[in-house]
Amino acid sequence: MFARTHVIRPGPSPRRLIPRWLPPPNGTEAEATHLAAPRARDLRHLHGEKRASGSASSSSSTGRDGGGCPPGSVRADGSGAAATKERFSDSSASVRGARKDGLMQKACSVQLLRPSRSRRRESWPQLGGSVPPQSASVVHLEEEDKYSCIDHSTSYLHVQSVRDFPIEKLNAEVVLVRLDSELLCNPLGSCNLSLERTVSTIKYLHKAGAKVLLVTSWTPVLQSVYPVLKSTETFADYMSSLLQVKVVPVNGVPGLTSFNPERWMQNDIILFENLFNFKGENANCNDFSQKLASGAAIFVNDSFSLSHKMLASTVGITRFCHASLAGFHFEEELMQLRKITDTTRRPFIAIIGGSNFLGKAPALNLLASLCDGLFFVGKLSLQIMNGFGIPVPSCFVEKNSTKEVLQLIQTAHNRNIPIYYPTDTWCLNNKNNNHEKLEILDSAELLPGWTPADIGPSTLEKISSLIPLYKKVLWIGPTGFDLTEEFSGGAAQLGRILDKASHDSCDVILVGSAACKAVKGISGSSSKYTTFKNASVVLEFLKGKILPGVAALDKSYPYQIPWNAIFSDSSQPLVVDIGSGNGLFLFQMARNWEGSNFLGLEMNKKLVVRCLRDVASVDKRNLYFVSTNATSTFRSIVSSYPGQLALVTIQCPNPDFNIEQNRWRMVRRMLVEAIADLLQPNGKVYLQSDVESVLLGMKEQFMTHGKGQLVVDDDGGGDHQMDNPFGAASDWERHVLARGAPMYRTMLRKV
């Protein structure tokens with residue numbers, strides 16, 4: 001008996017929304033107008049003033065270039081929001097003591113171009129204006145949107161790994177590695193490659209000269225399965241045999257503060273006590289996380305199976321380490337996870353088992369929107385059959401999921417894809433309670449008193465005939481109906497079917513312990529599958545939820561920036577403004593110094609899109625903006641630039657983002673080291689804030705972590721009130737100076 005398939009022809013696909021382009025100023029082509037609305041900033045106490053607090057939730061890490069005044073208000077200088085609309089206007093009059101021949105000529109060695117003599121303000125484009133034709137710059141911007149402006153929902157999955165981290169910076173550093181104990185203790189079958197990658201992570205760190213600390217956890221159930229987990233000492237001996245390096249066990253609260261350094265020999269690796277013994281681990285306790293991280297500078301997560309949980313050893317610890325990286329195993333698993341939703345290999349079918357339709361509904365709907373076919377087994381198949389109107393005993397129906405079942409059927413119906421369910425099942429007669437006597441019943445004729453146990457032979461034949469038609473197969477969840485393992489023969493037969501398919505160039509993805517166990521032991525099968533033993537991680541991902549263990553790691557910029565396409569001359573010196581906001585400062589700089597290229601790095605994606613629209617509208621080829629968290633991505637972005645890095649500016653970061661214990665504060669060791677490494681000799685770092693303590697904090701970070709490469713070039717004679725050397729001011733700087741308050745500045749130079 002074959003499952004019914006509801007088919008309708010899909011209507012025309014929705015038209016792709018093109019960003020609205022504002023028209024250029026009337027009668028001119030050279031000067032762009034400022035599009036971005038003022039950026040909100042949390043204004044706290046400054047020199048006895050109460051700052052506005054109504055818009056403190058800005059996602060940007062800086063507060064300048066557009067913040068501080070409530071919507072519709074007028075600034076202290078009377079200009080209101082209109083002052084921010086002059087991106088290319090000459091702003092030297094608003095900067096106290098701005099030098100005409102300032103830093104840019106010295107640091108960048110470029111010919112300075114005189115600003116335009118025109119001092120008039122450009123009119124604000126009318127919202128109802130006509131849209132300009134598709135120029136080359138507009139088309140170019142649409143291409144750029146694909147990799148820099150539009151931040152997809154899975155962008156957080158692009159994390160920094162040990163592979164990307166400069167190996168020389170590992171030497172003599174204390175590195176704490178989070179491991180998966182079950183993976184380490186189960187080297188058979190498909191887990192073998194995962195074990196090798198985890199061992200490679202530890203060996204790589206150790207060989208690089210790092211002082212390696214290991215932490216992991218195991219439950220009493222796992223301990224009963226694997227004798228090596230009997231104690232910290234027995235597991236340390238097992239790890240020593242794997243690594244061929246002495247592993248020293250340490251009991252008690254994990255962390256170097258409770259450890260006697262004299263026991264740490266030069267080549268030894270430390271293994272701390274089972275984290276399951278500490279309540280602070282599952283509670284993601286801040287104090288426990290700090291103790292765990294004590295003495296460690298770098299955190300490496302190689303326990304991907306726990307990514308869906310918020311633990312002190314996977315999430316909380318990242319607040320106290322200057323770098324948080326993915327190990328080789330974690331990196332590979334994350335890459336394979338992204339491939340689940342990749343539809344380049346078609347047709348693509350998902351075999352979905354288990355129960356709890358309501359809890360899995362978001363994931364199932366995603367699969368229905370991606371796959372070319374769905375085959376339901378287990379208790380989920382009973383819900384699908386009920387949705388199709390096939391009689392199912394009421395005791396097997398999840399009544400609270402009826403709406404979600406019908407919604408999924410409608411989604412498949414709209415996409416013209418088939419839904420399959422078992423045609424027959426092995427059933428157990430509850431009356432005689434004889435587990436040895438199973439009978440095959442038609443799925444559509446289940447009788448009261450009979451309990452489904454597993455999929456039947458006809459169903460397996462149907463699956464066997466369907467699989468060769470597909471190039472990609474995802475199997476997630478058990479085929480049985482939540483009975484004991486003695487009724488799981490269907491899973492083993494399905495495993496053999498998929499093993500045969502993998503030999504025929506079919507991509508097979510196995511999710512969950514049932515699917516992984518079904519292929520375990522099949523000769524030569526370990527390298528042909530993508531496996532995820534913990535189905536919870538995959539289901540959370542398919543539901544669209546953020547995986548905390550992944551989100552806690554430092555991010556990498558996953559795209560290659562085509563420097564030659566975005567800049568007319570990519571060999572020119574580069575100026576990078578971190579936290580560029582609405583771009584007012586960079587637009588002025590790009591106009592005044594055409595012999596340099598300017599790059600704005602900003603977390604607020606909406607501001608970046610607006611800035612890029614402005615760049616395209618005037619076809620400015622020495623200015624560009626990227627939506628990213630520069631704190632962790634600066635190195636990966638700027639290191640690929642063909643020319644030299646001449647200047648980095650950080651202006652007026654939000655004070656709330658610079659609290660010492662704030663994991664997401666802007667100026668951290670990772671950023672400072674990247675800037676110091678990439679800056680050209682005699683290159684400059686310009687720091688500015690209207691809060692003196694914030695400036696001093698940034699300066700201290702650079703002097704501490706610059707490793708002697710940075711010296712103070714100018715700080716206004718020690719009071720940090722040096723003049724603005726650029727003749728260009730950010731919007732927030734204008735606002736501060738207009739009310740008569742001071743700006744605190746310092747200039748650092750690379751020696």
Side-chain angles (χ1 to χ4, degrees), residues 157-187 190-218 228 235-236 238-249 254 267-272 275 292-293 295-307 311 313-315 317-318 321-338 526-527 530-534 537 547 549-550 552-556 632 670:
L157 297 175
H158 298 283
V159 301
Q160 285 205 31
S161 70
V162 171
R163 194 186 315 275
D164 305 323
F165 197 78
I167 190 171
E168 66 274 8
K169 294 189 177 296
L170 294 172
N171 185 42
E173 293 283 8
V174 178
V175 181
L176 188 142
V177 184
R178 212 309 180 178
L179 302 174
D180 182 346
S181 58
E182 184 174 8
L183 183 150
L184 290 166
C185 295
N186 185 21
S190 59
C191 295
N192 188 43
L193 290 177
S194 299
L195 172 62
E196 290 179 4
R197 288 192 291 264
T198 299
V199 171
S200 296
T201 297
I202 303 172
K203 288 185 175 180
Y204 177 85
L205 296 170
H206 187 258
K207 187 176 181 180
K211 304 294 184 181
V212 181
L213 311 175
L214 305 179
V215 293
T216 187
S217 62
W218 59 86
V228 296
F235 190 54
Y238 173 72
M239 291 299 298
S240 298
S241 64
L242 281 180
L243 300 170
Q244 296 300 302
V245 177
K246 177 64 175 177
V247 176
V248 178
N267 295 320
D268 285 351
I269 295 175
I270 304 301
L271 172 68
F272 288 120
L275 295 176
L292 191 61
I298 300 172
F299 168 66
V300 175
N301 191 347
D302 224 13
S303 181
F304 184 79
S305 63
L306 298 175
S307 297
L311 305 175
S313 63
T314 60
V315 177
I317 191 174
T318 61
C321 296
H322 89 82
S324 300
L325 314 171
F328 295 141
H329 167 65
F330 196 106
E331 178 187 25
E332 176 65 21
E333 294 288 283
L334 197 54
M335 182 178 68
Q336 296 300 332
L337 182 69
R338 293 198 295 267
S526 61
S527 62
T530 298
T531 60
F532 299 92
K533 192 169 184 180
N534 191 333
V537 176
L547 300 176
V550 178
L553 299 179
D554 293 325
K555 302 297 172 286
S556 66
S632 59
M670 174 182 291

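All heavy atoms count here, side chains included; hydrogens, waters and symmetry mates do not. All values reported here derive from a predicted model rather than from experimental measurement.
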Distance in Å, [X] [atom1] paired with [Y] [atom2], rounded so as to fall on 0.5 Å steps:
| X | Y | atom1 | atom2 | value |
| --- | --- | --- | --- | --- |
| Thr201 | Asn301 | OG1 | CG | 10.5 Å |
| Leu306 | Ser313 | CG | OG | 7.0 Å |
| Lys211 | Leu170 | NZ | CG | 13.0 Å |
| Asp268 | His206 | CG | NE2 | 7.5 Å |
| Ile269 | Leu243 | CD1 | CG | 5.0 Å |
| Ser632 | Asp164 | OG | CG | 11.5 Å |

If we only count heavy atoms from C-beta on, is the [X] to [Y] side-chain gap below 4.5 Å?
| X | Y | value |
| --- | --- | --- |
| Phe532 | Val537 | no |
| Leu195 | Leu242 | yes |
| Val212 | Ile270 | no |

Can a donor-acceptor pair be found, under 3.5 Å and without considering hydrogens, that links the side chain of [X] to the backbone of [Y]?
| X | Y | value |
| --- | --- | --- |
| Thr216 | Leu179 | yes |
| Asp554 | Ser324 | yes |
| Ser240 | Lys246 | no |
| Ser307 | Val550 | no |
| Asp302 | Phe330 | yes |

Inset, instruction - Mind checking ring-ring contact (aromatic ring centres under 6.0 Å, His included) for Tyr204 and listing every partner two or more places apart, or none if nothing turns up? - result: Phe328

Inset, instruction - Could you pull out all residues at least two apart from Phe299 that satisfy ring-ring contact (aromatic ring centres under 6.0 Å, His included)? - result: none

Inset, instruction - Using distance alone, with no hydrogens and no angle criterion, decide if Thr314 and Arg178 have a side-chain donor and acceptor under 3.5 Å apart. - result: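 Side-chain D/A pair, Thr314 to Arg178: absent.
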
What is the minimum heavy-atom distance between [X] and [Y], and which atoms define it?
| X | Y | result |
| --- | --- | --- |
| Ile298 | Lys169 | CD1-O, 4.3 Å |
| Val162 | Leu325 | N-CB, 4.1 Å |
| Pro254 | Leu275 | CG-CD2, 3.6 Å |
| Cys321 | Ala296 | SG-O, 3.8 Å |
| Thr198 | Leu183 | OG1-CD2, 3.6 Å |
| Cys185 | Tyr238 | CA-OH, 3.9 Å |

Legend entry - Arg197 vs Glu331, side-chain contact (heavy atoms from CB on, under 4.5 Å): CA-CA, chis, key distance, verdict: CA-CA 10 Å; Arg197 288 192 291 264; Glu331 178 187 25; over 6 Å; no

Inset, instruction - For side-chain contact (heavy atoms from CB on, under 4.5 Å), just list the numbers for Ile317 and Val215, CA-CA rounded to whole Å, side-chain angles, deciding distance to a tenth of an Å, and then say yes or no. - result: CA-CA 12 Å; Ile317 191 174; Val215 293; over 6 Å; no

Inset, instruction - Determine, stepwise, if the pair Leu334 / Phe304 fulfils side-chain contact (heavy atoms from CB on, under 4.5 Å). - result: CA-CA 8 Å; Leu334 197 54; Phe304 184 79; 3.8 Å; yes

Inset, instruction - Carefully, step by step, assess Leu547 and Leu337 under the rule side-chain contact (heavy atoms from CB on, under 4.5 Å). - result: CA-CA 12 Å; Leu547 300 176; Leu337 182 69; 3.8 Å; yes

